[in-house]
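As structure tokens, the structure follows; a few thoughts come after it.
The figures that follow rest on heavy atoms only: side chains count, while hydrogens, waters and symmetry mates do not.
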Number of protein chains: 2
Amino acid sequence: MKEITIDKAWRGAERCKNCAIRHLVLFSDLSHQDFDRIHQPIDDLEYEPGTRLYHQGEELRYVYTVRSGLIKLVQHLPNGTQRIVRLLRQGDLAGLEGLGGQVADHDAVTLDHASVCRIPVPVIRDLQRETPNLHDSLMRRWQKALSGADNWITRLSTGNARQRVARLLLLLDEASTDDSFFLPTREDMGAMLGITTESASKVTADFRRRGWLKPLGGHRAWIDARALQEEVD
Amino acid sequence: MKEITIDKAWRGAERCKNCAIRHLVLFSDLSHQDFDRIHQPIDDLEYEPGTRLYHQGEELRYVYTVRSGLIKLVQHLPNGTQRIVRLLRQGDLAGLEGLGGQVADHDAVTLDHASVCRIPVPVIRDLQRETPNLHDSLMRRWQKALSGADNWITRLSTGNARQRVARLLLLLDEASTDDSFFLPTREDMGAMLGITTESASKVTADFRRRGWLKPLGGHRAWIDARALQEEVD
DNA sequence: CCGGGGAATTGAAAATCTTCAATGCATCCC
DNA sequence: GGGATGCATTGAAGATTTTCAATTCCCCGG
């Protein structure tokens, strides 16, 4: 795990003021003086694929803003099976539940290379107490997380395997600014869709043979969105 | 639809102060003077089974607190299929997304007879601006809704039909204070679990034949939680 | 008490998905 | 370059689920 730490708290806040994607992140509504209330370092971290930011059941001392990359939230069942319940991308928050003092509901694991801001929970608590500007922003995050979860159920956990894979590919495609997107392993696709690795593989391979999905190397791919959309309807 | 409306705003607030389940609802942390800030009527409503509180895409003028009964949140896909993404019970909120000005993400429909408090969105907005007491309470609601959604994915949308039905019955049983619980129609069970009505029926009937599920009439039932729990593991 | 009607159940055949095992492919690391 | 390794792919058999079409059951109103 590479980790580029900003040592001084003020430098962290300074960086936040000038953050290139500040309009997307939690602090979008803060005034410049609000940033002066930040007394603990906000670190800007880079993670390799497969890094676990925290795991289910752990105390959450930080909340994480995704600057780039994809993060999976994995939930484990008592019987040992596991399920990916959401994907986080640019602007999304991981570890929101830490704000209420709860332990982590999931494992958070980077899928590809990811760039993440790590914000100490007390920083957000303090800001929240002293300025109202954060509330709307936070509520939008909760709202977004919840609608993400709902979509996961209706789009990715409903219908047959072909439809689910098609919807997942469309979702990954939309999420990308690029015209290519990150293609997860078949195992992860299975865990997202509630199907086996092999089923995910069979459908994916079929889409590829039909020319609707083109792997571009380096875990990236392109899709014929129109064709896949038809598959869904 | 029966509707018992409290005409005067202050009466609504007065009722809130003395609400028997106030510790469970949104206003648990408010001080007595906070209630004086309420300038629009909070109505206490009774709904028959199958009543729709609002539908997907509609502007949300109210947020609803469930006092008793069960409410399903139904999401429709463009292709016409629909999926139940959550069940709300005592203390849960429906229409949370209205606080951010969004349109409704779902249809909200009562499953059984339900008693609900209808709170105008501006009431919550005003309270939120003028007192910080509501914030924690609200955040806990978001958190709870989100963890409900996650559970829906991992427990009710994972595994084979038997496991899903078993988990649903266990969840309904836990949700009930009583030792009996509300047993949904097979169609609703299917929509919750992402399986067909017939599959839900076949599994349910099998559980009944094994003596693990006993219908008690009036859409209520009892389960052998231990036996069903084994089925899940 | 007696239909009527919606919901539930059931069966059989077809479709889909999983399982398990084998093989192929790409990439990473000397 | 060349294995080694981890994914991905594929096939065949078995299990599960869906589909579609009957019944059957149960509750409600007359």
Side-chain angles (χ1 to χ4, degrees), chain A residues 48-50 72 79-84 109 111-113 156-169 182-221 231-232, chain B residues 48-50 72 79-84 109 111-113 156-169 182-221 231-232:
Chain A
E48 295 173 35
K72 62 178 174 182
N79 76 14
T81 58
Q82 59 182 58
R83 183 86 197 255
I84 298 175
V109 180
L111 276 189
D112 52 355
H113 181 89
L156 302 187
S157 307
T158 305
N160 61 29
R162 286 181 74 77
Q163 296 173 313
R164 293 189 195 189
V165 172
R167 290 207 194 93
L168 174 59
L169 294 175
F182 179 84
L183 185 66
T185 66
R186 304 303 170 271
E187 189 176 2
D188 276 344
M189 289 175 66
M192 293 179 207
L193 303 174
I195 61 181
T196 59
T197 303
E198 292 90 338
S199 291
S201 176
K202 281 167 191 175
V203 175
T204 305
D206 181 61
F207 285 170
R208 182 170 40 65
R209 278 189 291 269
R210 291 170 190 267
W212 300 344
L213 169 72
K214 293 195 190 303
L216 304 175
H219 282 212
R220 298 198 70 80
E231 195 66 20
V232 163
Chain B
E48 295 174 35
K72 60 177 173 182
N79 76 14
T81 59
Q82 59 182 58
R83 182 83 197 255
I84 298 174
V109 181
L111 275 189
D112 52 355
H113 180 91
L156 301 187
S157 306
T158 304
N160 62 29
R162 285 181 76 78
Q163 296 173 314
R164 295 189 195 187
V165 172
R167 289 208 195 91
L168 174 60
L169 294 174
F182 179 84
L183 186 65
T185 66
R186 304 303 171 268
E187 189 177 2
D188 275 344
M189 289 175 64
M192 292 179 209
L193 303 174
I195 61 181
T196 59
T197 303
E198 290 91 338
S199 291
S201 176
K202 281 167 193 178
V203 175
T204 305
D206 181 60
F207 285 169
R208 182 170 39 67
R209 278 189 291 268
R210 291 170 191 268
W212 300 344
L213 170 71
K214 294 196 189 303
L216 304 174
H219 282 214
R220 298 198 71 79
E231 195 67 19
V232 164

Rounded to whole angstrom units, what separation is found between the [atom1] atom of [X] and the [atom2] atom of [N]?
X         : N       : atom1 : atom2 : answer
Gln163(A) : dT16(C) : CD    : P     : 10 Å
Leu216(A) : dT27(C) : CG    : C1'   : 17 Å
Phe207(B) : dT10(C) : CZ    : P     : 14 Å
Lys202(A) : dT9(D)  : NZ    : P     : 12 Å
Ile195(A) : dT16(D) : CD1   : P     : 18 Å
Arg162(B) : dT18(D) : CZ    : P     : 15 Å
Asn160(B) : dC17(C) : CG    : C1'   : 12 Å
Glu231(A) : dT16(C) : CD    : P     : 11 Å

With respect to the side chain of [X], which nucleotide from [options] is positioned closest?
X         : options                   : value
Ser201(B) : dT19(C), dT17(D), dT9(C)  : dT9(C)
Thr185(A) : dA8(D), dT18(C), dT9(C)   : dA8(D)
Thr196(B) : dT18(D), dT10(C), dT19(C) : dT18(D)
Glu198(A) : dT9(D), dT9(C), dC20(C)   : dC20(C)

Exercise for the section: Using only side-chain N and O atoms of Arg209(A), determine if any of them is under 4.0 Å from OP1 or OP2 of dT10(D). Expected result: yes

Problem - Distance test, side-chain N/O of Arg208(A) to OP1/OP2 of dA8(D), below 4.0 Å - result: no

Handout entry: Arg83(B) side chain vs Met192(B) backbone, donor-acceptor pair below 3.5 Å
Key = yes

Practice task
Output the distance between atom CG (Leu111(A)) and atom CD1 (Ile84(A)), rounded to the nearest 0.5 Å.
Solution key: 6.5 Å

Practice task
Take the C1' atoms of the five end pairs on each side of the helix from dC1(C)-dG30(D) to dC30(C)-dG1(D), derive the two axes, and give their angle rounded to 10 degrees.
Solution key: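 If I round to tens, the end axes sit 40° apart.
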
Problem - Lys202(B)/Asp206(B) salt bridge by N-O under 4.0 Å criterion - result: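 Looking at Asp206(B) and Lys202(B), the cut-off is not met.
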
